[in-house]
Asker: 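I have a structure I would like to understand better, so I am pasting it below and will then ask my questions one at a time.
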Amino acid sequence: MSELSERFETYESGDKQVAEKIRCDACPVMCYIADGRTGACDRYGNIGGRIVRMDPLTILDHSAETGGSVVPFVAEGENWNGELVNAGRRFITAIGAGTTYPDYKPAPFIVSQEVEGVDLVTVVTEGIFSYCGVKVKIDTDRHLGPETAMVRAQGEAIGHVTTGEYGSQMLSLGGVHHLTGGSKPEGRATCDAMLNLCNKKPVELAIDGGANVIVEAGKPPIIDGKLERRMRVGCGSATIGMFATQWRGLVDEVVVVDDHITGVVSEHQAGKVLDWQDTGIKIVGRRSTPGRYFKVSEPGLGWGGTTISDPLSILGEWNPKKGARPGLSMLMVSTTGEQFAYYELDDNLKPVEKPFPDRLAKSVRLIEENCEPALCTVLFVGGAGGSLRAGVTENPVNLTRSVHRLQTYVTVGGAPVYIWPGGGITLMVDVTRVPDNAFGYVPTPALVAPIEFTMRRDAYIQLGGHEKEIRSVADIVSHGGEYLNPRQSSAASSGNPWPPLAQLHTSGSMLR
Ligand code: SF4
């Protein structure tokens, strides 16, 4: 049983009120917590009769990222007068901020700071996302499983294989149906896998009818125990297009083996414009356009994402009337350049493997050099269009409209997000841009993610914001908030822009 599953057990068996326990109301579970203990999610505890957020509030220091002086860690209660030095360079994230679930009261922190003469307000809360999922991109040619195949963690269904992209296999994990619509073990396993993926930890996934893959954000995938090193340079046809010139005059035929589009240089448009001669080759597969073949094999873990280990298995009889002749030379190579072989036709027009010639080594190396490192990418997708908006404004739809008008800049732990067009606030964020261990969970089950909304102060007032709750950065650093946790300063990632220029320079007319 995973650590998180044990926590779920605690929650389900221990929800009995005891006189000396106090109640946490930061999520619908409403744990009663004894003194010195933490609740079911470990994020809140009872310290001396007060509910305390157990992790520190994280404040990102953007001066560190640009080479400026780093303000030392600010201990609780210590006065901080760095506003002059750090003006606009500190960002209060929602990591450790706590939640004001169910948002009948303002968000835990509503922060004001002047940046380049503009008064910005950032509303900070840890959102509870019942509607959330994870999109995983795995850079590999290898066949992980058929589209729509179930993806499992700890034996439970947590998502499915979705449409593959160029050089990558894609998984769609989580979502409300797996979190809440199935059995309790399914919901727990889904929450557990998503939490670990979002916190950049490795998760082992098993695909029905396919491979076992270990996914870790920003790291190469491990497929059936084998570390994937390279992403393909392109499909077989694209590889022919890119390298046909390099092969001209060095070899009579080139076949780039690919599960999707196998390329044959003598027939391909790129070969034709270079005046490549016919070779009488026959590919066993479905011809699409000249020199491009589909389905030369079944998808698998072999050459170019096929099942084959012997590339000759995709060739038919050579035709002497169309150019086949003894001694004709042929290079066969995969889309990553990891597999390659050299052949010459014998007197019976059968290809015979020969030692790989030096003259072709450079072109194979070039394919390898042009392959990018294979990585796993994990995007958290969450719907922030629900009740948490009420912690920002008294009129929640105003926040949605403001986000879509780009008046409000949305971040997750300081990382920029992509907002889907259309209704609601459906956001996607690359978890590698979010500080470590920023995500949490509650056993309902749901994921907890930091979220910050930044806009000009005048825009905030116009959309019905909680003006009386606005506090300065210095006040928050010095005194913290209702959950009594300490503050910690952390260098901001150089890839996460702050301040948001669009909000700084939004004209007054756009605010109406
Ligand atoms: S699960 Fe966590 S947030 Fe929810 S009530 Fe319990 S301690 Fe509070």
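As a basis for the values below, the full set of heavy atoms in this structure was taken, side chains included, without hydrogen atoms, waters or symmetry mates. Whatever order the structure lists them in is the order used to number ligands and atoms, beginning at 1.
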Asker: Identify the protein heavy atom lying closest to atom 8 (Fe) of ligand 1, giving its residue, its atom name and the separation to 0.1 Å.
Answerer: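 Nearest neighbour among protein heavy atoms for atom 8 (Fe) of ligand 1, to 0.1 Å: Cys24 SG, 2.3 Å.
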Asker: Under 4.0 Å from ligand 1, counting heavy atoms only, is it the side chain of Pro443, its backbone, both or neither?
Answerer: side chain
Asker: For residues Ser472 and Gln113, determine if any side-chain heavy atom of one lies less than 4.5 Å from a side-chain heavy atom of the other.
Answerer: no
Asker: What's the shortest distance from atom 6 (Fe) of ligand 1 to any protein heavy atom, and which residue and atom give it?
Answerer: Cys31 SG, 2.3 Å
Asker: Among all protein heavy atoms, pick out the one at the shortest distance from atom 7 (S) of ligand 1; state its residue, atom name and that distance to 0.1 Å.
Answerer: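 That would be Gly39 CA, 3.5 Å.
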Asker: Can you check side-chain contact (heavy atoms from CB on, under 4.5 Å) on Val124 and Ile110, steps first, answer last?
Answerer: CA-CA 6 Å; Val124 165; Ile110 302 177; over 6 Å; no
Asker: Check each atom of ligand 1 against the heavy atoms of Tyr44 and keep those under 4.0 Å away; list them by number with element.
Answerer: 3 (S), 7 (S), 8 (Fe)
Asker: Check step by step if salt bridge (Lys or Arg N to Asp or Glu O under 4.0 Å) holds for Lys200 and Asp436.
Answerer: CA-CA 7 Å; Lys200 296 169 263 186; Asp436 292 347; 2.8 Å; yes
Asker: More than 12 non-hydrogen atoms from neighbouring residues, nucleotides or ligands closer than 6.0 Å to CZ on Arg471, yes or no?
Answerer: yes
Asker: Students should be able to answer this: which protein heavy-atom is nearest to atom 4 (Fe) of ligand 1, and at what distance?
Answerer: Cys27 SG, 2.3 Å
Asker: Hydrogens and angles aside, do Gln488 and Thr58 bring a side-chain donor and acceptor to less than 3.5 Å of each other?
Answerer: yes
Asker: With backbone taken as N, CA, C and O and side chain as the heavy atoms from C-beta onward, which portion of Met30 lies under 4.0 Å from ligand 1: side chain, backbone, both, or neither?
Answerer: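 Met30 to ligand 1: backbone contact only, side chain stays beyond 4.0 Å.
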Asker: Taking the six-membered ring for Trp, is the centroid-to-centroid distance between Phe453 and Tyr460 below 6.0 Å?
Answerer: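 No: the rings miss the under 6.0 Å criterion.
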Asker: Near Arg43, which atoms of ligand 1 are under 4.0 Å from a heavy atom of that residue?
Answerer: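 Once the distances to Arg43 are compared, the set is 3 (S).
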Asker: Passes side-chain contact (heavy atoms from CB on, under 4.5 Å), Ile214 versus Val203? Steps please.
Answerer: CA-CA 6 Å; Ile214 297 176; Val203 173; over 6 Å; no
Asker: Please determine if atom 8 (Fe) of ligand 1 has an N/O/S atom from Cys41 lying under 2.8 Å away.
Answerer: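 Of the N, O and S atoms in Cys41, none lies under 2.8 Å from atom 8 (Fe) of ligand 1, which means no.
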